[in-house]
Amino acid sequence: MSALTTSELTAIYTDLHAHPELGFAEHRTAGIVADRLRGWGYEVHEGIGGTGVVGVLARGAGPRVLLRADMDGLPGTERTGLPYASTDTATTPEGRTSGTMHACGHDVHVTCLLGAAAALAEARDAWSGTLVVLFQPAEEVGEGARRMVADGLYDRIGVVPDVVLGQHVMPLPVGVVSLTPGTAMAAADSLRITMHGAGGHGSSPEATVDPVVMAAATVLRLQGIVSREVGATESAVVTVGSVQAGTQANVIPDRAELLVNVRTFDDGVRERVLAAIHRIVDAEAAASGAPQPPEYAHVAAFNLTANDPGATARTRAVLERVLEAERPRVEAAGGRPQVVSLPPLPGSEDVGDLATAAGVPLVYWFLGGFDAALFAGFDAATATGMGGLPDGVAPNHSPFFAPVPEPTLDLGVAALVAAAQEWLG
């Protein structure tokens, strides 16, 4: 199916896996992508939105199709024990030195899109129109797609697509693809909240305004938002992922910092929850006699990922045919090919920003990438894809996240190629 052999795909994947790069620092990855695309005859545009790379291949008149992959890794030390595990380090935006790893499978995404780009370039007589292959930076921080659009993406490449297609490897059995019409992934908002106190000696709290107590009360009060302000038929998650204050036991600090994450599936609920956070934080600060109001920084924001129902139905039929054609390969790996529709996932993505900016449909599916034997007795059709996983299967963002390269990569390439050809005609 691919102009790149299985061994070539695996070599690309293991190299990328061993050398992850953080958001907006994907210089090595972008260079590999650009060189490959030029070799296959694509018109290559580099440096869009920082490190974004776009290849354009025109084959006469016809539809315009965009295939997207994200390139960035995550800070964290890999613990998979794989022979190609990452040992690289990087400096985070906060100035910390950290290990880096592809804990969310973006190395799979880049490899599969490179494989699809090669196959579609080779299949010159199989389609007509314009193919756009987009390699995006900084998905993990929710800024990559937005930054590319703000940098004049569609004007710079001279193409506005008719549809945006993409895929994400998930902890599902090899051979399973999930494609859900409508809302597929949650909106997410991350806030950095600084609460101000008046510091002093730990022996004299009456002479201070203690921001630690203020923050502790706030953390507890925030837990009431979902249980008391979000309806039974609605859904939201509010997580306080970090509380930082002070340096030692006998010093009351002058500030405390909270990092808060919100996940929602409805824009109205999203607005209500964010407003409640501001109300509660402001009220706790006032109740504590804070010398100045809290400060808020919106450090990341992902919009809902919503698949167009009509475009999803059209693409689903193609993916079903692909998996049926790949049945021997899937069954040889112990899997069972099937297309399912998982419930909306609480994880978040920014791929939808590319479709929204162009005013076109989005179709985004999840690709199973794990040893099917680990899923014995596990019903993929009712899985969440994020939690409730079998033993030995690590979720995305885990230091143990390790998709199996074969046949995941070949199946991912086949899915992208078939979906693109369906829309190109």
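The residues of the chain are indexed from 1 along the displayed sequence.
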Test: Arg28 and Asp15 ion pair at under 4.0 Å: yes

Minimum heavy-atom distance Arg272-Gly231, with the two atoms named: NH2-N, 4.2 Å

Do the side chains of Arg255 and Glu295 get close enough for a salt bridge, i.e. N-O under 4.0 angstrom? no

Within this structure, what is the CZ-CD1 distance for the pair Phe135 and Ile48, rounded to the nearest 0.5 Å? 12.5 Å

Sub-4.5 Å side-chain heavy-atom contact between Leu22 and Glu140: no

Strictly by modelled atom types, are Arg96 and Thr91 linked by a side-chain donor-acceptor pair under 3.5 Å? no

Can you tell whether the side chains of Arg68 and Asp350 come within less than 4.0 Å, N to carboxylate O? yes

Does the pair Asp189/Arg270 count as a salt bridge with the N-to-O cut at 4.0 Å? yes

Is any side-chain heavy atom of Pro395 closer than 4.5 Å to a side-chain heavy atom of Leu389? yes

Exercise: do Trp423 and Thr315 side chains pair donor with acceptor under 3.5 Å: yes

Looking at OH of Tyr13 and CG of Leu114, how far apart are the two atoms once the value is rounded to the nearest 0.5 Å? 14.0 Å

Could you tell me whether the side chains of Arg316 and Ser341 share a donor-acceptor contact shorter than 3.5 Å? yes

Measure the shortest side-chain to side-chain distance between Asp72 and Glu139 over non-hydrogen atoms and say whether it is less than 4.5 angstrom. yes

State plainly whether the residues Arg321 and Glu324 are in salt-bridge range, i.e. N to O under 4.0 Å. no

Any chance you could measure Leu411, atom CG, to Gln167, atom CD, to the nearest 0.5 Å? 9.5 Å

Would you say the side-chain atoms of Asn261 and Thr239 include a donor-acceptor pair closer than 3.5 Å? no

Quick one: do the Tyr364 and Glu349 side chains pair a donor with an acceptor below 3.5 Å? yes

Close side-chain approach of Glu43 to Arg38, heavy-atom, < 4.5 Å: no

Do other residues, nucleotides or ligands put more than 12 heavy atoms under 6.0 Å from the CZ atom of Arg59? yes

Salt bridge present between Arg279 and Glu229 (N-O < 4.0 angstrom): yes

Test: Arg192 cationic atom under 6.0 Å from Tyr296 six-membered ring centre, within 45° of axis: no

For Glu406 and Thr10, test the side chains for any donor-to-acceptor distance below 3.5 angstrom and give the result as yes or no. yes

Would you please test Met148 and Val54 for side chain to side chain contact (heavy atoms under 4.5 Å, CB included) and show each step? CA-CA 10 Å; Met148 291 187 79; Val54 180; 3.9 Å; yes

Please determine, by modelled atom types, if Asp88 and Thr100 share a side-chain donor-acceptor pair under 3.5 angstrom. no

Separation between CG of Leu74 and OG1 of Thr92, rounded to the nearest 0.5 Å: 12.0 Å

Straight-line distance of Ile225 CD1 to Leu222 CG, nearest 0.5 Å: 5.0 Å

Pair Glu422 + Arg314: basic N to acidic O under 4.0 Å: yes

Interatomic spacing from CD in Glu122 to CG in Leu4 - rounded to 0.5 Å: 9.0 Å

Between Glu21 and Thr29, does any side-chain donor sit less than 3.5 Å from a side-chain acceptor? yes

Do the side chains of Val174 and Pro407 get nearer than 4.5 Å, heavy atoms only? yes

Going by atom types alone, do His102 and Glu78 pair a side-chain donor with an acceptor below 3.5 Å? no

